[in-house]
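For reference, the structure discussed in these notes is given below.
Everything numeric here is computed off the predicted structure, so don't read it as measured data.
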Amino acid sequence: MHSILSQQLKNLRLRDSRTQDELAQALGVTAQAVSRWETGTCYPDMELLPSIANFFGVSIDELFGYHGERAQKINALVSQLREMHRQNNGQDVCIDECIRLAREGLIEFPGNAQLMLCLASALLNAGYVRRGEQHLIDEEGYDIYDVQRHRGYEEWREAGLLYEQLLTNVLDAEMRQQITEELLQLYVNLGESEKAAKLAAAAPSLLGSREFLRLKACDGRARAQAHGETLLETVSACSDLMVDALMANRTHIMPPDAVEIIRNAIKMYSLVCTDGNFGTYHGNLSCLYLYLSVHLWRTGDHDGTFEALDAALMHARRFEEVLQNSEVAYTAPLLSTVTLPVRRYLPDNIVSMLPDDWPWWGVPGYDDVEAEIKADPRWDAWVCKTKE
């Protein structure tokens, strides 16, 4: 490695037509020292490397002859790990392999933030897939996490340490958002409510978020595009919030009211996407209809239950079609200028996985109706349709 550094110093100096004296003066050393570096007799102190790299306008990696190979290898490994993580969404396809590759990557590239985040996410997912997110009902009838059991998940304890280390070092906004979201959920699962509250309080307000700030960062066509994108994302967030609130209060909300809440959450998309083109949000709607089927059954509307399941199937098929394209164009009046890239939130085989995902991954408290719904002959008929 040192011989490579010696050769690189000489090559870079000759490339820029600089003398050993010029480099020496810039670094505050003697020309004889530079000469010894280039011949490999001795080598510059580590603290001088950033200054040397800056003098030649290169990275420290390039001083050692990497020329981007390191970054390319890291990026390729991160892409592979993210794809594996996507495959492990709610099921153990290759969790062990994903964790192993991330650990090996950190041995080769110690302290790399991207690989640390990949490992933390894989460990977080491993806890869900291997042991499950366990819930209890408190004295008032509200859903709470079984934190005592969760604290025994060694995967989650290690993930928490990685997230906390990353949060102190990472500056990239997108990475920090992912770290914050995943760590906050982990804190709640482990009963660290004060840490979770502190983490949430440090985040910007809704109007100070990236989605709303970008509305003020442009004008003309770009501003119209930004409004359309923000509107779509806000509708999705509000719809999710309505359903999350229902789940949090599910023991206090009567089935007919729950049905109305979910239908209203579904309707929000139609208020914006008036042409029926929901793009990637067909995936969200499929999940909403799966969840709706549970509450329709509780009201005694068994026909409506299977109509909701058919609607979930239809949206799942549309979502799979969307995944075949690289982007989706929205043509509704308020969204006439909006073209969004396709985001792969769910596995490609979402249709065939619907019966396994029912009534939506992570939904608590449906055991009371599961056996009844699946005993209805129409369930098997619906499952057959998902395999066609």
Side-chain angles (χ1 to χ4, degrees), residues 89-91 120-121 123-161 163-164 167 179-203 205-206 236-266 284 287-300 305 356-374:
N89 182 27
Q91 58 183 337
S121 296
L123 290 166
L124 177 63
N125 196 29
Y128 283 111
V129 170
R130 293 171 176 171
R131 308 167 190 261
E133 183 182 87
Q134 305 301 322
H135 296 253
L136 301 171
I137 301 297
D138 67 11
E139 299 84 3
E140 297 180 285
Y142 287 99
D143 178 84
I144 59 174
Y145 295 106
D146 188 348
V147 298
Q148 293 303 321
R149 185 181 299 187
H150 290 167
R151 287 171 181 168
Y153 295 7
E154 60 184 27
E155 301 95 339
W156 283 3
R157 292 199 304 271
E158 183 181 356
L161 294 174
Y163 285 128
E164 289 173 343
L167 207 56
I179 294 164
T180 300
E181 289 178 358
E182 295 179 6
L183 178 57
L184 193 148
Q185 181 62 63
L186 188 55
Y187 278 153
V188 175
N189 287 352
L190 298 176
E192 302 282 356
S193 56
E194 291 185 5
K195 288 184 178 180
K198 183 178 180 180
L199 194 59
S205 66
L206 178 63
S236 177
C238 289
S239 175
D240 289 348
L241 188 59
M242 291 171 67
V243 176
D244 288 343
L246 168 59
M247 291 183 186
N249 294 278
R250 71 182 193 281
T251 58
H252 299 268
I253 297 176
M254 299 302 292
D257 295 325
V259 168
E260 183 176 4
I261 290 170
I262 300 172
R263 288 198 185 280
N264 287 337
I266 291 171
N284 302 55
C287 293
L288 287 169
Y289 275 108
L290 289 180
Y291 190 42
L292 177 63
S293 69
V294 172
H295 294 282
L296 285 169
W297 188 274
R298 287 183 177 139
T299 66
T305 293
D356 296 323
D357 287 340
W358 180 89
W360 187 4
W361 186 78
V363 168
Y366 60 90
D367 295 346
D368 58 320
V369 300
E370 181 176 13
E372 295 178 6
I373 291 178
K374 292 185 177 181

Taking all non-hydrogen atoms of both residues, which atom of [X] and which atom of [Y] are closest, and how far apart?
| X | Y | value |
| --- | --- | --- |
| Ser236 | Asn284 | OG-ND2, 3.5 Å |
| Leu183 | Gly160 | CD1-O, 4.2 Å |
| Glu158 | Leu123 | CD-CD1, 3.5 Å |
| Val259 | Thr299 | CG2-CG2, 3.9 Å |
| Ile179 | Leu167 | CG2-CD1, 3.7 Å |
| Arg157 | Arg151 | NH1-O, 2.9 Å |

ask   = Side-chain contact, heavy-atom cut-off 4.5 Å: Lys198 with Tyr187?
value =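 In short, these two side chains do not touch, never coming nearer than 4.5 Å.
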inquiry  = Could you tell me if the side chain of Val294 sits less than 4.5 Å from the side chain of Val363, heavy atoms only?
reply    =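 No, their side chains stay 4.5 Å or more apart.
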Those residues that, when tested against Tyr163, pass side chain to side chain donor-acceptor pair (under 3.5 Å) (two or more places apart) =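 Residues passing side chain to side chain donor-acceptor pair (under 3.5 Å) with Tyr163: Glu182.
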task = State which residues pass side chain to side chain donor-acceptor pair (under 3.5 Å) with Tyr142; sequence neighbours excluded, sorted by chain then number.
result =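 Counting only residues at least two positions away or on another chain, Tyr142 forms no side chain to side chain donor-acceptor pair (under 3.5 Å).
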query = Which residue pairs pass the side chain to side chain donor-acceptor pair (under 3.5 Å) test with at least one member in residues 362-371, sequence neighbours excluded?
reply =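 Sorted pair list: Arg298-Asp368, Glu370-Lys374.
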Please table the atom pairs, donor to acceptor, closer than 3.5 Å between any side-chain atom in residues 238-247 and protein atoms at least two apart or in another chain.
{"from": "Ser239", "atom 1": "OG", "to": "Ala265", "atom 2": "O", "distance (Å)": "3.1"}

Donor-acceptor under 3.5 Å (Asp138 side chain, Gly141 main chain) =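 At least one qualifying donor-acceptor pair exists.
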ask   = Can you check whether Gly132's main-chain N or O pairs, donor with acceptor, with Tyr153's side chain at less than 3.5 Å?
value = yes
query = Among pairs that include at least one residue of residues 249-264, which meet salt bridge (Lys or Arg N to Asp or Glu O under 4.0 Å), considering only residues two or more places apart or in two chains?
reply =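 For residues 249-264, and leaving out neighbouring residues, the salt bridge (Lys or Arg N to Asp or Glu O under 4.0 Å) pairs sorted by first residue read Asp143-Arg250.
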Contact list for residues 124-135, test salt bridge (Lys or Arg N to Asp or Glu O under 4.0 Å), sequence neighbours left out = Asp96-Arg130, Arg130-Glu155, Arg131-Glu155
From [atom1] ([X]) to [atom2] ([Y]), nearest 0.5 Å:
| X | Y | atom1 | atom2 | answer |
| --- | --- | --- | --- | --- |
| Leu199 | Glu194 | CG | CD | 13.5 Å |
| Thr305 | Leu292 | OG1 | CG | 8.0 Å |
| Leu136 | Ile144 | CG | CD1 | 5.0 Å |
| Asn264 | Leu288 | CG | CG | 11.5 Å |
| Ile262 | Ser293 | CD1 | OG | 8.5 Å |

query = Hey, mind stepping through Tyr145 and His135 against side chain to side chain contact (heavy atoms under 4.5 Å, CB included) and telling me if it holds?
reply = CA-CA 5 Å; Tyr145 295 106; His135 296 253; 3.6 Å; yes
ask   = Between Tyr128 and Trp156, is the gap from one ring center to the other below 6.0 Å?
value = yes
query = With under 30° as parallel and over 60° as perpendicular, where do the rings of Trp360 and Tyr291 fit, or are they tilted in between?
reply = perpendicular
